[in-house]
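Right, I'll just put the structure down here and ask away after.
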Amino acid sequence: ITIGGNLTAMRVINCILYLATLVSDVSITGNTIGNATIANSIQTTTTAPPSNFNCIQSNSIGSFDINISNNTVANITEVSTDNTISTSLFGITSSDAGIVTISNNYVHDLATATKNKTSKGFTNYLAFIGISGADGVTITNNTIYNLKLTSLTVQPLTVGIFVNHGSGNIISKNIVY
């Protein structure tokens, strides 16, 4: 999949986006975003405008369980070098209100050329399995590797696993390299 064109506004790309008021438990499982073995299987082709690229994103309200497991996010390249608006690439991101478990996922071979250091209120990060806004989240048995920042002019932060806040969180048995 190639994403290009002559846009003048920021691109927002969501491969799987779950936005809802929960009425029961939810599972986002067994999905493949990109290709596990083919390089650049999803890529942007223009350096401007910037992109906010979310491979799997869940933002729900309610007190039910959210299970994000057994997914593969791989071989995605975001080439925007625009530094006026945040450019970001997220493997799996969640800011759910329920009890969240992110487990047994593979996130690998993600690349971005961003020059921007201010994404979503934090220093820019390339890819992460992250939870913000949930207490008691469990992030376990995930494998994350080969996250690339290709910009030579600035040093945005690359994060494997990111938890912004909450209490009672469990982060265990993950492999990041």
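Residue numbers count from 1 along this sequence. In this text, all values refer to a predicted model and were calculated from it rather than measured experimentally.
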Taking ring pair (Phe, Tyr, Trp, His ring centres under 6.0 Å) as the definition, give me every residue that meets it alongside Phe64, ordered by chain and number, with sequence neighbours left out.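 For Phe64 there are no ring pair (Phe, Tyr, Trp, His ring centres under 6.0 Å) partners, ignoring immediate neighbours.
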So how far is it from Gln57 CD to Ile16 CD1, rounded to the nearest 0.5 Å?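 Here the interatomic distance stands at 11.5 Å.
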Just list the side-chain donor-acceptor pairs under 3.5 Å for residues 20-31, sequence neighbours left out, or say none.
from, atom 1, to, atom 2, distance (Å)
Asp25, OD1, Asp65, N, 3.0
Asn31, ND2, Thr29, O, 3.3
Asn31, ND2, Asn71, OD1, 2.9

Taking Val176 as the starting point, is it possible to reach Ile76 by hopping between hydrophobic residues whose side chains are less than 4.5 Å apart?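 Shared cluster, yes.
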Residues forming a side chain to side chain contact (heavy atoms under 4.5 Å, CB included) with Ile171, sequence neighbours excluded: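 By the side chain to side chain contact (heavy atoms under 4.5 Å, CB included) rule, Ile171 matches Ile139, Ile161, Val163, Asn174.
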Would you tell me whether Asn105 and Asn142 have side-chain atoms, one donor and one acceptor, within less than 3.5 Å of each other?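 Present: a donor and an acceptor within the cut-off.
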Once side-chain hydrogen bond (donor to acceptor under 3.5 Å, both in side chains) is applied, do any residues pair with Asn59, and if so which ones, sequence neighbours excluded?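 Scan of Asn59 (side-chain hydrogen bond (donor to acceptor under 3.5 Å, both in side chains), adjacent residues dropped) gives Ser95.
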What residues form a side-chain hydrogen bond (donor to acceptor under 3.5 Å, both in side chains) with Ser69, not counting sequence neighbours?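 If we apply the side-chain hydrogen bond (donor to acceptor under 3.5 Å, both in side chains) test to Ser69, skipping adjacent residues, the hits are Asn67.
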Linked hydrophobic residues, Ile61 as query - side chain contacts closer than 4.5 Å: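 None, because no other hydrophobic side chain comes under 4.5 Å of this residue.
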Minimum heavy-atom separation for Cys15 to Cys55, with atom names?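 Taking Cys15 first and Cys55 second, the nearest heavy atoms are CB-O, 3.2 Å.
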Taking only residues two or more places apart in sequence or in another chain, which ones pass side-chain hydrogen bond (donor to acceptor under 3.5 Å, both in side chains) with Thr140?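 In terms of side-chain hydrogen bond (donor to acceptor under 3.5 Å, both in side chains), with neighbours along the sequence ignored, Thr140 is linked to Ser172.
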Donor-acceptor pair, distance only, cut-off 3.5 Å: does the side chain of Asn169 make one with the backbone of Val137?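 Pair found, side chain donor or acceptor close to backbone of Val137.
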Inter-residue atom distance Ser103.OG - Ile170.CD1, 0.5 Å rounding: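 One finds 12.0 Å between OG of Ser103 and CD1 of Ile170.
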Under the ring-ring contact (aromatic ring centres under 6.0 Å, His included) rule, what pairs show up with a residue in residues 91-112, not counting sequence neighbours?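 Matches after skipping sequence neighbours: His108-Tyr145.
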For the side chain of Ser41 and the backbone of Asn75, is there at least one donor-acceptor N/O pair under 3.5 Å apart?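 Side chain of Ser41 to backbone of Asn75: a pair is present.
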Hydrophobic cluster mates of Ile38, side-chain heavy atoms under 4.5 angstrom, ILVMFWY only, any path?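 Taking Ile, Leu, Val, Met, Phe, Trp and Tyr as members, Ile38 stands alone, with no cluster partners.
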Mind checking the CD1-CD1 spacing from Ile68 to Ile102? Nearest 0.5 Å is all I need.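 CD1 of Ile102 is found 4.5 Å from CD1 of Ile68.
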Tell me the closest heavy-atom pair linking Ala36 and Thr72, and the distance in Å.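 Shortest heavy-atom contact: CB-CG2, 4.4 Å.
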Passing candidate, side chain to side chain contact (heavy atoms under 4.5 Å, CB included) with Asp109, options Asn40, Val73, Leu147, Asn146: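 With Asp109 as partner, side chain to side chain contact (heavy atoms under 4.5 Å, CB included) holds for just one option, Asn146.
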Just verifying a value: how many Å separate Lys173 NZ and Asn104 CG, rounded to the nearest 0.5 Å?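 Spacing of NZ (Lys173) from CG (Asn104) equals 11.0 Å.
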Ile33 and side chain to side chain contact (heavy atoms under 4.5 Å, CB included): which partner among Ile92, Ile42, Val107?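 Result: among Ile92, Ile42, Val107, Ile42 is the only option passing the side chain to side chain contact (heavy atoms under 4.5 Å, CB included) with Ile33.
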May I ask you to list the residues sharing a hydrophobic cluster with Leu19, side-chain cutoff 4.5 Å, ordered by chain and number?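 Once heavy-atom contacts under 4.5 Å are chained together, Leu19 belongs with Leu17.
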Sequence neighbours excluded, which residues qualify as side-chain hydrogen bond (donor to acceptor under 3.5 Å, both in side chains) partners of Ser63?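 Scan of Ser63 (side-chain hydrogen bond (donor to acceptor under 3.5 Å, both in side chains), adjacent residues dropped) gives none.
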